[in-house]
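Labels below follow one simple rule: chain letters A, B, ... track the order of the sequence lines, proteins then strands, and each chain is numbered from 1.
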There are 4 protein chains.
Amino acid sequence: MFFPRVTTGSDRPIYRQVVDQIRLAVVGGKLRPGDSLPSVRAMAEHLLVNPNTIAKAYAELMREGFVQAQQGKGVFVADRRPVLSAAERQRRLQAAVEQLAHEAAGLGFSSKQIQEALAKKLGGMAGMGETEQKP
Amino acid sequence: MFFPRVTTGSDRPIYRQVVDQIRLAVVGGKLRPGDSLPSVRAMAEHLLVNPNTIAKAYAELMREGFVQAQQGKGVFVADRRPVLSAAERQRRLQAAVEQLAHEAAGLGFSSKQIQEALAKKLGGMAGMGETEQKP
Amino acid sequence: MFFPRVTTGSDRPIYRQVVDQIRLAVVGGKLRPGDSLPSVRAMAEHLLVNPNTIAKAYAELMREGFVQAQQGKGVFVADRRPVLSAAERQRRLQAAVEQLAHEAAGLGFSSKQIQEALAKKLGGMAGMGETEQKP
Amino acid sequence: MFFPRVTTGSDRPIYRQVVDQIRLAVVGGKLRPGDSLPSVRAMAEHLLVNPNTIAKAYAELMREGFVQAQQGKGVFVADRRPVLSAAERQRRLQAAVEQLAHEAAGLGFSSKQIQEALAKKLGGMAGMGETEQKP
DNA sequence: GTGGTCTAGACCACT
DNA sequence: GTGGTCTAGACCACC
């Protein structure tokens with residue numbers, strides 16, 4: 001059974017962390033279509049968070065098409081990966097990159113330092129690199 | 001006179017957009033130490049926002065050491081000085097990098113694609129690379 | 001639950017008084033990491049001031065690393081970490097010392113009298129002397 | 001002719017700096033009863049500040065009894081030093097000392113560090129130590 | 001004129 | 001419930 005890890009006290013909301021990690025597990029192949037996910041209550045107890053928070057995360061994942069709820073049975077990974085338009089994906093990446101650039105520039109870091117920090121972070125993340133999608 | 005551009009209805013707060021753009025203009029050399037910035041009221045009228053919102057942005061920039069307010073005279077670009085500890089700067093860089101990594105991973109981009117997008121963005125920014133500060 | 005005392009009509013702004021007292025309680029050990037602080041609304045009602053004023057105080061304390069806010073849960077005392085650079089801390093100490101020197105000199109006190117008053121005040125404060133940080 | 005030195009961009013208002021320095025020169029004996037001070041206009045031109053600022057400083061000094069204006073002749077140091085009640089002087093000293101203690105404690109300085117910074121500052125100031133007044 | 005503080009009240013996101 | 005943002009409008013200190 002897949003359980004994400006969340007850290008309270010981060011600037012990233014808990015429900016967002018849950019969404020991120022499940023999404024990442026799906027696109028990375030750790031979770032396959034048909035796999036079942038923990039119930040809202042089970043995950044809430046496991047992570048020691050409010051059930052509403054998990055419910056919100058699942059709702060977001062359902063809206064995006066990553067998971068599907070089957071009445072009375074539980075939550076499952078959906079068959080097909082949802083698609084965002086290439087333009088939309090690119091637009092969001094640009095926005096995210098821009099935000100990092102602004103923040104780091106304000107802190108006085110050089111381009112090299114920023115890129116090294118990113119490389120280090122990406123190197124330690126699982127499931128990246130095999131999921132490339134051509135725009 | 002320098003005026004930032006803000007878009008209401010964005011997920012990024014208005015005062016944050018103002019801070020970002022002025023900070024960028026300063027580190028990018030578009031604004032130099034001693035340059036005067038628009039008065040709180042003038043910028044508020046220009047951007048069609050509440051003066052308090054601009055005051056908040058200026059207060060943030062003052063705390064970060066980017067600008068200096070002189071009672072009754074106005075707000076001016078300050079001589080750059082490192083206000084944050086090396087550890088704090090590093091902590092903030094990590095947080096910013098992490099956010100990009102999660103966002104981009106959720107969108108299904110590969111490590112390589114993310115790094116290329118960042119490299120492209122940094123390459124197009126003025127004043128980066130010369131501002132390196134040793135921790 | 002910790003509640004500061006503020007006096008309206010003082011030359012020191014209310015939000016500053018709140019910041020001062022909470023900061024003192026933290027460095028003096030009266031408030032320990034993890035302790036929860038009154039909610040913005042609760043403290044505002046207790047002190048008979050506007051919630052925004054308390055929010056501003058908490059925002060300041062967060063920036064300085066004394067407290068940490070958790071969306072939807074409340075405000076908590078943070079683990080201490082040095083946020084400011086050594087140079088910035090020194091700069092602020094100098095400014096504070098200078099202010100006392102001017103004020104006391106204007107009142108006609110001798111160097112010796114000022115130093116004795118300070119020694120007496122510092123002697124009566126908890127948690128001082130163990131918190132030394134090398135620059 | 002006595003001219004104070006002011007630094008713009010400080011957190012201490014200019015008119016306050018002028019008041020401080022003249023007051024200090026009087027209690028320190030550098031200026032003696034009957035000595036004439038620069039005219040508002042002359043000092044404003046010399047310090048490159050607004051005449052209103054100097055006028056405000058002189059008004060404050062006159063209210064306190066340090067100087068006296070003689071219509072058409074100029075501003076002169078007053079005969080007798082003004083007296084504040086012992087209790088009031090002590091109260092103000094306590095408040096000033098307290099403020100430094102709060103600020104420095106928040107910055108994480110030890111008692112010893114604070115006292116050393118004060119001693120260094122006082123050592124460099126003229127006219128102190130001979131002006132002791134018994135409370 | 002300038003920035004700084006405070007109030008009152010609204011809406012939003014998160015738990 | 002919690003904190004975060006924004007608006008509208010007031011008063012003050014300073015130049």
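Taking 4.5 Å as the limit, some side-chain heavy atom of B:Val97 sits within range of a side-chain heavy atom of B:Leu93. Put simply, the side chain of D:Glu88 does not reach to within 4.5 Å of the side chain of C:Leu107, judged on heavy atoms. Between B:Leu37 and B:Leu31, the closest side-chain pair of non-hydrogen atoms falls below 4.5 Å.
Distances were taken from every side-chain heavy atom of C:Tyr15 (C-beta onward) to each of E:dT5, E:dG3, E:dT15; the shortest belongs to E:dT5. Ranking F:dT7, E:dT5, F:dC14 by closeness to the C:Pro13 side chain, first place goes to E:dT5. Taking every side-chain heavy atom of C:Asn50 into account, E:dA8 is the closest of E:dA8, E:dT2, F:dG4.
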Inset, instruction - Let me have DNA chain E in dot-bracket notation, would you? Count Watson-Crick plus G-U wobble pairs, both distances under 3.5 Å, and use [ ] for pairs crossing earlier ones and | for inter-strand partners. - result: ||||||||||||||.
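Rounding to whole angstrom units, CD of residue B:Glu60 and C1' of E:dG3 are separated by 17 Å. The nearest whole Å value for the distance from the CD1 atom in D:Ile14 to the C1' atom in F:dA13 is 13 Å. We find that CD of B:Glu45 is positioned 12 Å from P of E:dG3, with the value rounded to whole Å. Rounded to an integer number of Å, the gap from D:Arg16 CZ to F:dC14 C1' is 13 Å. As a whole-Å value, the separation of D:Leu47 CG from F:dC15 C1' is 14 Å. Taking atom CZ on B:Arg12 and atom P on F:dG4, their separation rounds to 16 Å, with Å as the unit. Distance, B:Met43 CE to E:dG3 C1': 14 Å, rounded to whole Å. To the nearest angstrom, C1' of F:dG4 lies 15 Å from CD1 of C:Ile54.
C:Glu98 has a carboxylate O that lies under 4.0 Å from a charged side-chain N of D:Lys121, or vice versa, which qualifies the two as a salt bridge.
Between the side chain of C:Arg41 and the base of F:dG3, a donor-acceptor pair under 3.5 Å is found.
Along DNA chain E, the nucleotide nearest to B:Gln70 and the one nearest to A:Asn52 differ in position, and the one closer to the 5' end is contacted by B:Gln70. Judged by closest nucleotide on DNA chain E, C:Pro51 is the one of C:Gln71 and C:Pro51 placed further toward the 5' end.
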Legend entry - Pair A:Arg23-A:Asp20, salt bridge (Lys or Arg N to Asp or Glu O under 4.0 Å): steps then yes or no: CA-CA 5 Å; A:Arg23 219 158 40 174; A:Asp20 282 348; 3.2 Å; yes
Inset, instruction - Assess whether salt bridge (Lys or Arg N to Asp or Glu O under 4.0 Å) is satisfied between C:Glu60 and C:Arg16, documenting all intermediate values. - result: CA-CA 9 Å; C:Glu60 181 95 17; C:Arg16 215 77 189 69; 5.1 Å; no
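Here B:Lys56 does not reach the OP1 or OP2 of F:dC6: none of its side-chain N or O atoms lies under 4.0 Å away. At E:dC14, none of the side-chain N or O atoms of A:Thr53 fall inside 4.0 Å of OP1 or OP2 (strictly under the cut-off).
No engagement by D:Val49 is indicated, since no non-hydrogen atom pair under 4.0 Å with the nucleic acid exists.
No more than 12 heavy atoms of other residues, nucleotides or ligands lie within 6.0 Å of CZ in D:Arg41, so this atom counts as exposed by the packing criterion.
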